[in-house]
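Order of the sequence lines sets the chain letters (A, B, ...), proteins ahead of strands, with each chain counted from 1.
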Amino acid sequence: MPVITLTDGKTLNFSKTVTGLEIVEKISKSLAKQALIMSVNGELKDLFYSIDKNCSVKIFTSKDPEGLEVIRHDAAHIMAMAVQELYPGTQVTIGPVIENGFYYDFARKEPFTSDDLKKIEKKMSEIIDKDVKTRREVWERKKAISHFKNIGEKYKAEIIESIPENEELSIYHHGETWHDLCRGPHLVSSGKIGKAFKLTKVSGAYWRGDSKNEMLQRIYGTSWANQKDLDEYLHRIEEAEKRDHRKLGKEMDLFHFREESPGSVFWHEKGWALFQKLINYMRMKQDIAGYKEINTPEVLDRGLWEKSGHWEKFGANMYTSVTPDEKIFAIKPMNCPGCVELYNQGLKSYKDLPLKMSEFGKVHRYEPSGALHGLLRVRAFTQDDAHIFCTENQITKECLTVTNLILEIYKDLGFENVILKYSDRPELRVGDDNVWDKAEAALLEAVKATKLEYTINKGEGAFYGPKIEFVLRDAIGRDWQCGTLQVDFNLPGRLGASYVDKDGIKKVPVMLHRALFGSLERFIGILIENYAGKLPFWISPLQTVVIPISEDFEDYAKEVCQKLKSSRISSIVDLKNHNLNYKIREHSLAKVPLLLICGKKEVDSNSVTIRRLDSKKQENMKLDQFLKTYSALNKVYSN
RNA sequence: GCCCUUGUAGCUCAGCUGGUAGAGCAAUUGAUUUGUAAUCAAUAGGUCCGCGGUUCGAAUCCGUGCGAGGGCACCA
């Protein structure tokens, strides 16, 4: 005689065991239609699950995340079913729900083509139309293993073998012909999935995510509660594609890549101007914050890298070079060893600490070819690096100062939504535990002081110390890991760094590694995507284009352009034989923030008419006023 | 690195089942002198990614190398 308590507090009495289906029928016809899944005392269950005890039940529809998740999970199953009907001999492996959709990994010799995806979609549609019923069975372990082995599903059998003995093995049947091992829960029938789904791409994926294993074929799909949500999702993807920095970089004439040096950027005039603006801005900020900028060689003897540990730990990613006299040098993949060497020049006193040495160092790393991605993952990049040599007692304060500097700089660049990731001691590490205690406490205190949201990644710190990573959330909600702050008790000792303490004894300093953007190249990619190319005025590589209305006003336009440059506002004058409309279109597409139109009116009043990017409004301003306003704006961000 | 897709003019792309390349934009030249998102016309522009092979004949088919794209793995 179960009594069912619903979320609104109402209770329903049943005289015998009851399923979710019967409960929703009793509540209302419309809910019965929409119900996808339920939770029984907080645990998600199939709607056909039989309840025999008093409990509280919550019903989920496609409006709930739980409902949507089941839709996607079922879509994955039905896809696997469709694939096996269409391509007999294909083995199934795993098919989880992911953000916005699902995938399923298959083992099959022949590759799936995009035509296959269409066929699979069609078959899925048919299965959904048939509304095949779902049935759950619990199988005995041995039976399950031998069954899946017998039908040639060796991956499934392997999965079952890896499931702990005490766990229940549930088999879900979809219709009479297809079944899969699955934890569930599932929809009562395939019709509930609806038609708002789409198979998006096919790719390779390693069995159990390990590159030593064989490669499977993964088919990705997306599915939603209704067509409108699916359309909106596809639209979001399109919008994100429009922001692609590789596309915008071309359109804005910022940079390009070429075959001769994969993963290395050819910076065009405008891209390099943007690059330099960022550096100049940071130079100013770091100078104010007490950093000393230095620069170290890009090619250093192999011996140094052996001493620092990089040769062993990082060697596979390092470029090396052999000189004509057969000495081996490495092109630096990191700046730290060089910086420590520079620190080692000249005796250091405790009075010199904390010593903050910054370096815009260009590093080279031989990244796997498949990892390269525009500016976001390159083989040669410039780090906005700094190393702070300090005593153990100074760690907390320095970490706080660094964190505040980073946040201030992010804010100036338009990123106010920052999350921190804090990683503590890994299993494999160097240094005493009491030193780790101190380092972790110091860093965590700095994290807490920011009052920002943070996650703790247990055991993911570097082998030499704990670290924080700074994650930016961009304008369309994507997260980008940029800055990092690491505490290092290892490298200074390895490379023989020391300072003379008050007591006259030489001691080893602690080193903080920090980067604000991480990689200037990558950060520029992120900036472009965040702003969809429409960078704020101060950081725009080309801030103004002066456009004369006709030949008669060319002299005035040239004069305006020259005055702008003298006031340190970047500018070109467009004297091409095109009409005004054409030029406005061209420079708007190139994302120039301000177009300055010059005609008779402007010459007569010694002014310019401003057309702002994305605004049709015309705004006239005296030239002097313009120069004053905008050069002042530039000055805020540079020396 | 692995799987799949892919590489044609500066850019975006056509080129069906093999018969030595085509458009739009950009460029150049000329006309036009333009008041807020593409003025008109003419001209020029190509080792069809490289190297091998099949074929009477290859941009097209096959092999291989390189690059790019999407994933996977990697991101110390």
Side-chain angles (χ1 to χ4, degrees), chain A residues 98 103 105-114 116-117 200-220 241 244 246-247 250-251 253 256-263 308-310 312-318 333-334 336 363 365-374 376-379 381 426 428 460-464 467 469 481 484 486 513 518-519 522 547-554 575-590 592 595-602 609-620:
Chain A
I98 50 171
Y103 67 76
D105 286 349
F106 300 98
R108 175 180 181 239
K109 277 207 185 72
E110 299 73 31
F112 290 111
T113 64
S114 47
D116 291 334
L117 291 195
T200 50
K201 56 196 167 196
V202 51
S203 82
Y206 296 108
W207 166 236
R208 291 193 185 274
D210 188 333
S211 60
K212 288 198 252 339
N213 291 342
E214 57 273 42
M215 186 151 277
L216 307 171
Q217 292 189 69
R218 175 172 298 177
I219 300 178
Y220 284 93
E241 275 167 15
D244 191 313
R246 292 166 299 187
K247 184 172 169 285
K250 213 176 261 174
E251 286 170 15
D253 191 18
H256 80 277
F257 291 89
R258 47 176 61 233
E259 291 190 14
E260 292 87 339
S261 188
S308 70
H310 286 84
E312 187 206 343
K313 285 250 162 204
F314 203 67
N317 288 300
M318 281 163 71
M334 296 184 206
C336 19
V363 296
R365 299 179 185 179
Y366 193 76
E367 300 285 357
S369 58
L372 302 180
H373 184 93
L376 301 181
R377 190 82 180 268
V378 287
R379 285 182 174 155
F381 60 98
L428 281 176
E460 287 188 23
F463 69 92
Y464 46 74
K467 65 176 179 186
E469 271 145 358
Q481 190 168 308
T484 174
Q486 305 172 1
H513 304 243
S519 145
R522 178 176 147 85
I547 305 175
I549 295 264
S550 77
E551 269 173 12
D552 295 344
F553 313 108
E554 283 186 2
L575 301 178
K576 285 201 197 101
N577 187 7
H578 280 129
N579 63 27
L580 183 58
N581 280 336
Y582 183 93
K583 291 180 183 181
I584 285 175
R585 180 180 152 81
E586 190 180 46
H587 300 299
S588 297
L589 288 174
V592 177
L595 303 182
L596 305 179
I597 317 297
C598 299
K600 184 165 189 318
K601 204 167 70 188
E602 289 76 16
T609 293
I610 306 166
R611 169 159 176 144
R612 292 171 197 277
L613 187 57
D614 277 345
S615 163
K616 290 199 192 303
K617 213 173 72 190
Q618 296 175 39
E619 183 185 344
N620 191 266

Let me know the distance between [atom1] of [X] and [atom2] of [N], rounded to the nearest Å.
X       : N       : atom1 : atom2 : result
L595(A) : rA37(B) : CG    : P     : 11 Å
Q481(A) : rC74(B) : CD    : C1'   : 14 Å
E367(A) : rA73(B) : CD    : C1'   : 13 Å
H373(A) : rG71(B) : NE2   : P     : 8 Å
H587(A) : rA38(B) : NE2   : C1'   : 13 Å
E619(A) : rG35(B) : CD    : C1'   : 16 Å
Y366(A) : rC75(B) : OH    : P     : 17 Å
Y103(A) : rG70(B) : OH    : C1'   : 16 Å

Would you classify [X] as touching base, sugar-phosphate or nothing, given that sugar-phosphate means primed atoms plus P, OP1 and OP2, and contacts are heavy atoms under 4.0 Å?
X       : value
P368(A) : base
H310(A) : nothing
S114(A) : nothing
Y206(A) : base
F257(A) : nothing
I547(A) : nothing
E602(A) : base
D614(A) : base
K201(A) : sugar-phosphate

According to a strict under-4.0 Å criterion, is [X] in side-chain N/O contact with OP1 or OP2 of [N]?
X       : N       : value
R246(A) : rG70(B) : yes
K601(A) : rG35(B) : no
Y582(A) : rA26(B) : yes
R522(A) : rC75(B) : no
N579(A) : rU39(B) : yes
R258(A) : rG67(B) : no

[X] side-chain proximity, nearest of [options]:
X       : options                   : value
Q618(A) : rA37(B), rU36(B), rG71(B) : rU36(B)
K576(A) : rA37(B), rA27(B), rU34(B) : rA27(B)
I597(A) : rC72(B), rG35(B), rU39(B) : rG35(B)

Roughly how many Å apart are [M] and [N], using the [atom1] atom of each and rounding to a whole number?
N       : M       : atom1 : value
rG45(B) : rU29(B) : C1'   : 14 Å
rU6(B)  : rG22(B) : P     : 25 Å
rU54(B) : rU12(B) : P     : 35 Å
rG15(B) : rC75(B) : P     : 42 Å
rC11(B) : rC74(B) : P     : 35 Å
rA68(B) : rG24(B) : P     : 31 Å
rG67(B) : rC48(B) : C1'   : 16 Å
rG10(B) : rA26(B) : C1'   : 7 Å

Hey, is the main chain of E367(A) close enough, under 3.5 Å, to the side chain of R379(A) for a donor-acceptor pair?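 Present.
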Tell me whether K247(A) at atom NZ has more than 12 heavy atoms from other residues, nucleotides or ligands lying less than 6.0 Å away. yes
Does any nucleotide pair with [N] by Watson-Crick or G-U wobble geometry, both distances under 3.5 Å, and what is it?
N       : value
rA59(B) : none
rG22(B) : rC13(B)
rC48(B) : none

Quick test: give all pairs of protein nitrogen or oxygen and nucleotides 5-14 of chain B nitrogen or oxygen below 3.5 Å, distance rounded to 0.1 Å.
from: rU12(B); atom 1: OP1; to: K250(A); atom 2: NZ; distance (Å): 2.9

Between R246(A) and D244(A), does any NZ, NE, NH1 or NH2 come within less than 4.0 Å of an OD or OE carboxylate oxygen? yes
Stretch residues 208-217 of chain A: residues that reach within less than 4.0 Å of RNA chain B through a heavy atom: G209(A), S211(A), M215(A)
What about R218(A), does its side chain sit under 3.5 Å from the base of rC4(B) through a donor-acceptor pair?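 Looking at the base of rC4(B), it does not pair with any donor or acceptor on the side chain of R218(A) (distance under 3.5 Å).
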